[in-house]
Amino acid sequence: MSERNDNIQNAQHGVKGGMSKEEMARKIAGNLSSYSADDVQYREDARRRAAVHTEFAGECAPVNNPYLNFSNERRQGSSSGRPAGGRSSKSGKSSKSGKSAGSRKKSSSAKGGSKNARKKKKKKNKQRRVLSAVITLTVMLAAVGGGGAFWYTHGKAKYDGVFLDNTFINGTEVSRKTPKEAAELVKQDSDMPDVITLTRPDGSDVRIPLSDIGLKDNLQSSVDNFYKEQNHSQWFTAKSQKSEYSFKLDFSYDEKKLDKEINRRIVEGQASVEPEDAYIQRTGDGFEIVPEVVGNGIDEDKVQVLYDYIDGFLERGEYSINLSNCNCYDTPNVRSSDLKEQLNQLNSLYDTEFTFDFIYTTETLSGSQVIDWITFENDNPLDGYTVDKKKAMAYVEELADKYDTYGKDRTFNSTSRGKMTIEQGEGDYGWWIDQKKTCNLLVDLIEDGVSVTTEPYYYTNPDSQYTYTCNPKVRTADDDIGDTYCEVDLKKQHFWYYKKGKLEYECDIVSGKPTPERNTPGGVYKLWYKELNKVLSGSTSAGETWSTPVTFWNNISTFGVGLHDATWHTSFGGSRYVNYGSHGCINMPYDAAKFVYDNVELNTPVIMYW
C-alpha cells in the first residue's frame with residue numbers, strides 16, 4: 001500500500017507542479033491498472049486522506065470541494081456501479097426464465113456457446129468497472145489537487161502579518177495578533193507602567209512619565225524577532241502545536257533627563273517646609289502627642305543620594321518609589337513614635353498614687369493633683385516631661401508643717417511641777433523632714449509614674465550624723481515621747497527615769513555652771529550615743545580648756561552635752577552647780593551613770609527644764 005500512497009502523492013504533486021489533469025489521469029490509470037476497484041485497503045486510504053483535510057474544511061475549503069467530499073463520492077460511485085450490475089443480473093435471470101422452453105430445445109453445443117458468452121460478458125463487465133473506477137479516481141484526484149492548493153494558499157494568507165495560532169509570549173497569548181498588538185498585550189500583562197511615581201515623606205506624589213526620560217525597551221524588538229522566527233508555511237500544524245516564547249524585559253533611559261526631572265519636580269519643585277519635632281501637650285482630659293512636621297527640604301549635600309536611591313529602584317524594575325527612607329531630607333529629630341511611652345506614662349498618672357508613711361498615719365498624693373505640676377521641654381521632647389519642683393516643694397512643706405515635731409513645744413506632765421509646756425530649746429528630739437531630699441524623691445516618683453508607698457527623708461546633721469527621728473513605737477498624732485523617758489529638773493538638780501510610766505531610777509545631779517558658755521540649756525533631747533572610757537575635752541572663748549576622762553558617756557545632744565559619771569564631786573544636788581558646775585553636761589554619781597549606760601535604751605527622750 002505504501003507504493004500506492006506514493007503514487008497518489010506524486011499525482012497530487014503533479015497537479016501542483018503544472019501537469020494537466022488529462023496527463024495526471026493517464027498516469028494514475030497506468031499505476032492503478034493492476035488493482036481492483038473493490039480493493040478495501042484502497043478505499044480506506046482514500047477515506048484517511050480525505051479525513052486529514054476535512055479538519056480544516058470549515059474555515060478555508062470551498063463547500064463543494066470534491067477533496068473534502070472524497071469518501072462520500074467514493075461510496076456513491078460504488079453504489080451506482082452495483083445497481084447497474086444488479087440490473088443486468090436480474091435482466092439475465094428474467095430472460096432465462098422467459099426462454100426456458102426454447103433453451104431446452106437447443107443442443108449441448110449451444111449450451112457451451114452460451115456459457116462462453118456469459119464468461120466474456122462477465123469479463124467485459126469487470127473491465128468496465130475497473131475503467132470506471134480509474135476514471136472516477138482520476139477526476140477526483142484532479143479536483144483534490146486543485147482544491148488542496150486553494151485551501152493551503154488561502155489558509156496561509158490568513159496568517160500574513162500575524163502570529164500563528166497557539167502562540168504565547170511570556171505567558172500571554174498573542175495568536176493572530178500583529179507584532180504591535182502582541183507587544184501591547186505583553187506590556188499590559190507585564191505591569192510595566194507608563195510613569196514613575198515618587199512619594200514624598202509628607203505623602204504627596206510626583207509622577208514622571210517614562211517618555212520624558214527617554215525610555216527605551218526591548219519589548220517591540222523582541223516580539224518582532226519572535227514573529228520572524230515563526231514558519232508561516234506550517235500554519236496548519238499550529239492548531240495542535242503550542243509555540244511559547246519568553247524574554248527578559250530590559251529597558252534603558254537617559255539618566256541626565258531623569259536627574260533633570262527629579263531636580264525640577266522634587267528638589268526645586270515646591271516651597272521648602274522646615275521639619276518640626278513631635279511633642280506632648282496637655283488636653284482637657286489628659287495628654288496627647290502633637291505629631292512631627294516632616295520637612296520636604298532636601299539637604300544640598302545629599303542630592304546625589306536622592307538620584308542614586310531612585311536609580312536603584314528602577315534597576316530592580318520598581319516604578320512606585322517611597323522617598324521616606326531616603327536619607328536626603330531635613331527630617332525631624334523626634335517623631336510621634338518616640339513619645340508613645342512617655343504619653344502612656346503621663347496618661348497613667350491619673351491612676352497613680354504617691355503615699356508617704358508617717359507610722360501612725362499616711363498621706364496620699366493623687367495623680368490628678370500631680371497633673372498640674374507637669375511641664376514639657378518642647379525644645380528637646382526626648383528629655384520627657386518635667387515636674388514643677390516649686391509645686392512639689394510646696395507640698396512637702398505642707399507635710400513638714402503637719403508632721404514635724406522637732407522644734408515644737410510640747411505639753412509635759414512633770415514629776416515635781418505637774419503639767420507644763422516644754423520648749424524645744426536646744427534639744428534635738430523630734431521628727432524633722434528633710435524637705436529638699438523629700439522633694440527630690442517625690443519628683444523622681446512622679447517622673448517614674450508608678451504608684452508607691454514610702455517614708456519621707458528625715459534630716460541628718462552633717463557634722464554629728466545625728467538623724468532627727470524618734471522612737472517610732474510611741475509616735476502618735478498628739479505625742480512622740482510616750483511613757484518611757486528620762487526627766488531632769490535643772491532647777492532642783494534632780495534626775496528621774498521612767499519606764500512604761502513607772503519610776504525606775506532617780507538621783508541628784510550637777511548641771512553646768514550658770515554662765516553664758518557653761519550653762520546647761522533646757523529642751524527635749526534624745527539618748528542617741530553611748531561610749532565607755534571617753535575623754536571629754538573642750539575650750540571656751542575665755543581661753544579655758546579641759547580634758548576629762550569618764551567611764552560612762554551617754555550622749556544626748558549634737559553639741560557635746562551628755563550624762564556621765566563625775567567622781568571628782570564630793571556631793572550632788574542643791575546649789576553645788578553654781579560654783580562647781582560642769583561645762584554643760586549632767587554630772588552624775590558613778591552608779592547612776594552606769595545605770596543609764598546599762599539600762600536606758602537609745603532613742604529614749606530626755607526632757608530637761610528649768
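Listed for the Arg475 side chain is no donor-acceptor partner under 3.5 Å among the backbone atoms of Trp431. A donor-acceptor contact shorter than 3.5 Å is absent between the side chain of Asn519 and the backbone of Pro514. Proximity of a side-chain donor or acceptor of Ser575 to a complementary backbone N or O of Val578 within less than 3.5 Å is not detected. Side chain of Thr467 to main chain of Thr469: no donor-acceptor pair is present (N/O by atom type, distance under 3.5 Å, no hydrogens or angles). The backbone N or O of Val186 lies less than 3.5 Å from no partner atom in the side chain of Thr172, so there is not a single donor-acceptor pair. Side-chain atoms of Arg410 come within 3.5 Å of backbone atoms of Thr405 as a donor-acceptor pair (strictly under, hydrogens ignored). Between the side chain of Arg282 and the main chain of Ile374, a donor-acceptor pair closer than 3.5 Å is present. For Thr540 (side chain) and Glu544 (main-chain N/O), a donor-acceptor pair under 3.5 Å exists by modelled atom type. Put simply, the side chain of Asp338 gets close to the backbone of Arg335: a donor and an acceptor are under 3.5 Å apart. Between the side chain of Ser204 and the backbone N or O of Arg200, no donor-acceptor pair lies under 3.5 Å.
Between Phe552 and Tyr597, the gap from one ring centroid to the other is short of 6.0 Å. You'll find the ring centres of Tyr459 and Tyr466 outside the 6.0 Å limit. In summary, the aromatic rings of Tyr458 and Trp432 are positioned with their centroids too far apart to meet the 6.0 Å limit.
Defined by atom type and a distance below 3.5 Å, a donor-acceptor pair is missing between the side-chain atoms of Asn555 and Tyr525. Side chains of Glu292 and Tyr279: a donor-acceptor N/O pair is absent below 3.5 angstrom, by distance only. Side-chain contact, Asp428 with Ser557: no donor N or O sits under 3.5 Å from an acceptor N or O. Side-chain contact check for Ser320 and Thr197: no donor-acceptor pair (N or O, by modelled atom type) lies under 3.5 Å. Counting only N and O atoms by type, the side chains of Thr364 and Thr355 include a donor and acceptor under 3.5 Å apart. Side-chain polar atoms of Gln435 and Thr438 form no donor-acceptor pair below 3.5 angstrom. Defined by atom type and a distance below 3.5 Å, a donor-acceptor pair is present between the side-chain atoms of Ser541 and Glu517.
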Stepwise side chain to side chain donor-acceptor pair (under 3.5 Å) test for Tyr403 and Glu363: CA-CA 10 Å; Tyr403 293 103; Glu363 283 285 340; 2.6 Å; yes
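Geometrically, Arg316 engages Phe313 in a cation-pi contact, judged by NZ or CZ lying under 6.0 Å from the ring centre and within 45° of the ring axis.
Summarising the geometry of Leu490 relative to Ser511, their closest heavy-atom pair is CD2-CB, 4.0 Å, with the distance given to 0.1 Å. Nearest approach of Tyr360 to Thr476, heavy atoms of both residues: CE2-O, 3.7 Å. The two residues Tyr580 and Val510 come nearest to each other via the heavy atoms O-CG1, 4.0 Å. The minimum heavy-atom distance linking Gln345 with Asp448 is given by the pair NE2-O, 2.8 Å. When all heavy atoms of Asp357 and Pro456 are compared, the closest pair comes out as O-CD, 3.7 Å. For His494 against Cys507, the heavy-atom pair with the smallest separation is ND1-O, 3.3 Å.
Among residues two or more places apart in sequence or in another chain, the side-chain hydrogen bond (donor to acceptor under 3.5 Å, both in side chains) test is passed with Tyr350 by none.
We find that Asp489 and Arg417 are joined by a salt bridge, their nearest charged nitrogen and carboxylate oxygen being less than 4.0 Å apart.
Exactly one residue among Tyr497, Phe412, Tyr429 makes a ring-ring contact (aromatic ring centres under 6.0 Å, His included) with Tyr485. That residue is Phe412. Partner Phe595 forms a ring-ring contact (aromatic ring centres under 6.0 Å, His included) with one of Phe495, Tyr505, Tyr590 and no other, that one being Tyr505.
Within a 6.0 Å radius of OH in Tyr457, other residues, nucleotides and ligands contribute 12 heavy atoms or fewer.
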Please table the atom pairs, donor to acceptor, closer than 3.5 Å between any side-chain atom in residues 298-305 and protein atoms at least two apart or in another chain.
from	atom 1	to	atom 2	distance (Å)
Asp299	OD1	Asp301	N	2.9
Lys302	NZ	Asn327	OD1	3.4
Gln304	NE2	Asp308	OD1	2.9

